[in-house]
Structure formats: structure tokens, C-alpha cells
Visitor: 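Here it is: the structure, laid out below.
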Amino acid sequence: MEDVLLESLDDGLLTLVMNRPQVRNALSPELSQRLLDAVRRAETDPAVRAILLTGAGNAFCSGGDVKAMAAGGQTDTYDQRVRHLRARMEVSRLLHQMPKPTIALLRGAAAGAGLSLALACDIRIATPAAKLTTAFAKVGLSGDFGGTYFLPKIVGAARARELYMLGDILTGEQALAIGLVTRVFPDESIEEEARRIAMSLASGPTVALGYIKENLNLADHGDLGSAFDAEAMRHIRCAGTDDHREAAQAFVEKRTPVFKGR
């Protein structure tokens, strides 16, 4: 039996590898559920301080399994299908909202729901030849896993409409130019570079990083007063953490701080 999701935890960094390379890591029901379960556990596991999400082989994730869709055989009612999809989509909300950094490493295809998963992450790192596309319109679908929520916030409303309606395929370099990904590294070094960035976050001040993420998420929909209130409360909370005291002591002693995530 193929293990459709590979999980490894190293010094606070949980690496999740979608492992269906023969179909470019398309999201089967089993893979979607495994991914959701893993991210849900990671949200509350103090041993996990950051998540690196990637795909096996030469793709990140090609989205839903279109061949399985074409095969049909669906017996659930409309309402049941909506509930099942909505439940699987929780993984995107968790990647976006969990108080820990999430990083997507993109090589090859990141399409449809696969792109949506990457958009839900805090940081996206790609190879120059990666192929990013919303893809939904080309298969007669409107989109799922949160892409229509995340993409306008990342690249702006007008560009998001264009990318969804036309379904253009962007290389990693083109995606970088419009801010769709945050960094691009050559194929031969992307694993090392992505891990370096992810480990720097996993070894960082976890409480503060979580509050930074919550502040930025609030800025998407909250008013200025609410944002200021949240900043003040979270900033003072951070001032009482062991990590802040360690950073202050390290500053005095002219050394690099060693954060414990508390």
C-alpha cells in the first residue's frame, strides 16, 4: 500500500510530503483526509513549530483527481457532497490561521486545489520552472480549497480575476514578479534553501510568530482600532515570554538568542 502522505518531524519542523507522484500528487479523498488530520494535529502539538508542505517527485500538487472525477460513480446527494468537500477544505483554513508558520515548496505543477493549498501558506518558495495555475475554469469548475479568498489578497483583485478566468500557467519567475510566490531558487538548491528558511522559523520565537500571523490575518478584515487593540495585547503577551527574555539577555551578552518556542 502506498503511503499517500509522508510525515517527518525534525527540531520543530514538520515536513509533509504529498506522495502520489504517479498522478502529480493529485488530491484523492485519502490524501485530503490524511493531510487534514496531520495539519490538525500539528496545530496543537507543542513539538511542531513550523510546517513545510511539498510534493513527491516533479510536482507539488496537480489539484483534484480529474480522472477519478471523469469516472463518475458518485452516489452521494448534493448536500452530502457539499459537506464532504467543505470538511476537506478545512486544511486550507488551518494552514492559513494556525499560530505557526507554514511554508509551501513548489516544484512542477501547483494547479487547482494544489495552488489553493500553497496560497493558504504563509510563504511560497518555487523553482524557476514551476507551473502555477488556477486551472478550474479549464475543467468547468469554479474553485475550492480557498483559492478565491487567498489569491486576491496576494496579487490584487484584478489580477486574481484574470488568473481564475483565463487559467494562465505561470512559471516560478513570473509568479515571483507578481508576488504570487515569495522566493525562487534553482532546482538543485531549492530543497536546501526551503529547509533553511523553514528551520529558521521552526527555531524562532514561536509565540511571537503566531501573534504576528494573527495580527496580519486580522488586518485582512478588521478595522484599525481592532488591529491596534490586538497588537497591544499580543505585544505585551510576548514581552512576558521566555523567548523575549532570552532575546533581551542575548542582546546584552552580544550573542545569538536560542529560542525555545515559549
Side-chain angles (χ1 to χ4, degrees), residues 9 11-16 35-54 86-106 113 115-125 144-157 160 179-183 194 197-248 250 257-262:
L9 180 61
D11 289 336
L13 177 63
L14 176 64
T15 301
L16 300 176
L35 190 57
L36 173 58
D37 291 344
V39 174
R40 185 173 280 147
R41 289 194 304 270
E43 182 185 26
T44 56
D45 185 350
V48 177
R49 296 169 62 186
I51 292 178
L52 177 63
L53 177 63
T54 189
R86 179 63 184 85
R88 295 196 302 272
M89 286 168 56
E90 275 295 284
V91 65
S92 291
R93 183 189 66 79
L94 290 169
L95 288 168
H96 183 66
Q97 293 186 341
M98 68 188 301
K100 300 173 183 181
T102 54
I103 306 99
L105 188 169
L106 311 175
L115 179 61
S116 297
L117 287 172
L119 296 175
C121 293
D122 300 310
I123 294 173
R124 285 161 297 285
I125 300 168
D144 57 6
F145 281 77
T148 56
Y149 177 87
F150 300 123
L151 190 60
K153 298 179 186 305
I154 295 169
V155 302
L180 182 52
V181 302
T182 47
R183 301 195 186 185
I197 293 169
M199 286 300 299
S200 73
L201 293 169
S203 62
T206 307
V207 174
L209 291 174
Y211 282 153
I212 287 170
K213 185 167 176 174
E214 290 180 14
N215 286 340
L216 293 170
N217 286 342
L218 177 61
D220 282 338
H221 59 80
D223 59 71
L224 185 60
S226 297
F228 276 29
D229 291 343
E231 274 196 344
M233 290 186 290
R234 290 166 181 157
H235 189 85
I236 296 302
R237 168 69 181 87
C238 289
T241 62
D242 292 345
D243 280 345
H244 171 68
R245 286 189 284 270
E246 160 65 7
V258 178
F259 294 120
K260 302 296 185 182
R262 55 181 186 266

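Remember, it's a predicted structure, so these values are computed and weren't measured experimentally.
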Visitor: Find the distance between CD1 (Ile125) and CD1 (Ile123) and round it off to the nearest 0.5 Å.
Guide: 6.5 Å
Visitor: Under the rule for salt bridge (Lys or Arg N to Asp or Glu O under 4.0 Å), what residues qualify as partners of Arg245, not counting sequence neighbours?
Guide: Asp242
Visitor: So, taking the atom named CZ in Phe145 and the one named CZ in Arg93, what distance separates them when rounded to the nearest 0.5 Å?
Guide: 13.5 Å
Visitor: If the condition is ring-ring contact (aromatic ring centres under 6.0 Å, His included), which residues does His96 pass it with, not counting sequence neighbours?
Guide: Phe150
Visitor: Applying side-chain hydrogen bond (donor to acceptor under 3.5 Å, both in side chains), can you list everything that pairs with Glu231, at least two apart in sequence or on another chain?
Guide: none
Visitor: Of all residues at least two apart in sequence or in a different chain, which pass the side chain to side chain contact (heavy atoms under 4.5 Å, CB included) check with Ala47?
Guide: Leu9, Asp45
Visitor: How far apart are the closest heavy atoms of Gly147 and Pro152, and which atoms are they?
Guide: O-CD, 4.1 Å
Visitor: If you round to the nearest 0.5 Å, how far is CG of Leu13 from CD1 of Ile103?
Guide: 6.5 Å
Visitor: Rounded at 0.5 Å granularity, tell me how far CG in Leu180 sits from CG in Leu151.
Guide: 6.0 Å
Visitor: How far does CG of Leu201 sit from CG of Asp122, to the nearest 0.5 angstrom?
Guide: 8.5 Å
Visitor: Mind checking whether Asn217 and Lys213 have side chains closer than 4.5 Å, heavy atoms only?
Guide: yes
Visitor: Check for a donor-acceptor pair, side chain of Ser116 on one end and backbone N or O of Gly146 on the other, with a separation under 3.5 Å.
Guide: no
Visitor: Indicate the atoms forming the closest heavy-atom contact of Ala194 with Leu105, along with that distance.
Guide: CB-CD1, 3.4 Å
Visitor: Tell me every residue that passes side chain to side chain contact (heavy atoms under 4.5 Å, CB included) with Ala104, counting only those two or more places apart in sequence or in another chain.
Guide: Phe60, Leu106, Ala118, Cys121, Arg124
Visitor: Return the set of residues passing side-chain hydrogen bond (donor to acceptor under 3.5 Å, both in side chains) with Thr206 (not counting sequence neighbours), or none when no residue passes.
Guide: Arg49
Visitor: Using a 4.5 Å cut-off on heavy atoms from C-beta on, say whether the side chain of Ile197 contacts that of Leu52.
Guide: no
Visitor: Does any non-hydrogen side-chain atom of Leu117 lie less than 4.5 Å from one of Leu35?
Guide: yes
Visitor: Can you name the side-chain hydrogen bond (donor to acceptor under 3.5 Å, both in side chains) partners of Arg237, sequence neighbours left out?
Guide: none
Visitor: Does anything in residues 96-105 form a salt bridge (Lys or Arg N to Asp or Glu O under 4.0 Å)? List the pairs, not counting sequence neighbours.
Guide: none
Visitor: Over all heavy atoms of both residues, which pair between Ala42 and Leu14 is shortest? Give the atoms and the distance, please.
Guide: CB-CD2, 3.7 Å
Visitor: Would you say the side chain of Pro101 lies within less than 4.5 Å of the side chain of Ile51, judging by non-hydrogen atoms?
Guide: no
Visitor: Quick one: side chain to side chain contact (heavy atoms under 4.5 Å, CB included) partners of Pro99, sequence neighbours excluded?
Guide: Glu43, Glu214
Visitor: Who pairs with Ser226 by side-chain hydrogen bond (donor to acceptor under 3.5 Å, both in side chains), at least two apart in sequence or on another chain?
Guide: Asp223
Visitor: Going by side chain to side chain contact (heavy atoms under 4.5 Å, CB included), name the residues that satisfy it together with Ala230, two or more places apart in sequence or in a different chain.
Guide: Asn215, Leu218, Arg234
Visitor: Tell me, do Lys153 and Leu119 make a side-chain contact under 4.5 Å, heavy atoms counted?
Guide: no
Visitor: Is it true that a side-chain atom of Glu246 and a backbone atom of Pro257 form a donor plus acceptor pair closer than 3.5 Å?
Guide: no
Visitor: As an exercise, state the distance from NE2 of His235 to OH of Tyr211, rounded to the nearest 0.5 Å.
Guide: 12.5 Å
Visitor: Do the non-hydrogen side-chain atoms of Lys260 and Asp243 ever get within less than 4.5 Å of each other?
Guide: yes
Visitor: Looking only at heavy atoms, which two atoms of Met98 and Thr102 are closest? And how far apart?
Guide: SD-CG2, 3.8 Å
Visitor: Can you see which heavy atom on Gly179 is nearest to which on Ile154, and at what distance?
Guide: O-CG2, 3.3 Å
Visitor: Do you know which two heavy atoms are closest between Leu95 and Leu53, and how far apart they sit?
Guide: CD1-CD2, 4.2 Å
Visitor: Mind checking what makes salt bridge (Lys or Arg N to Asp or Glu O under 4.0 Å) contact with Arg41, not counting sequence neighbours?
Guide: Glu7
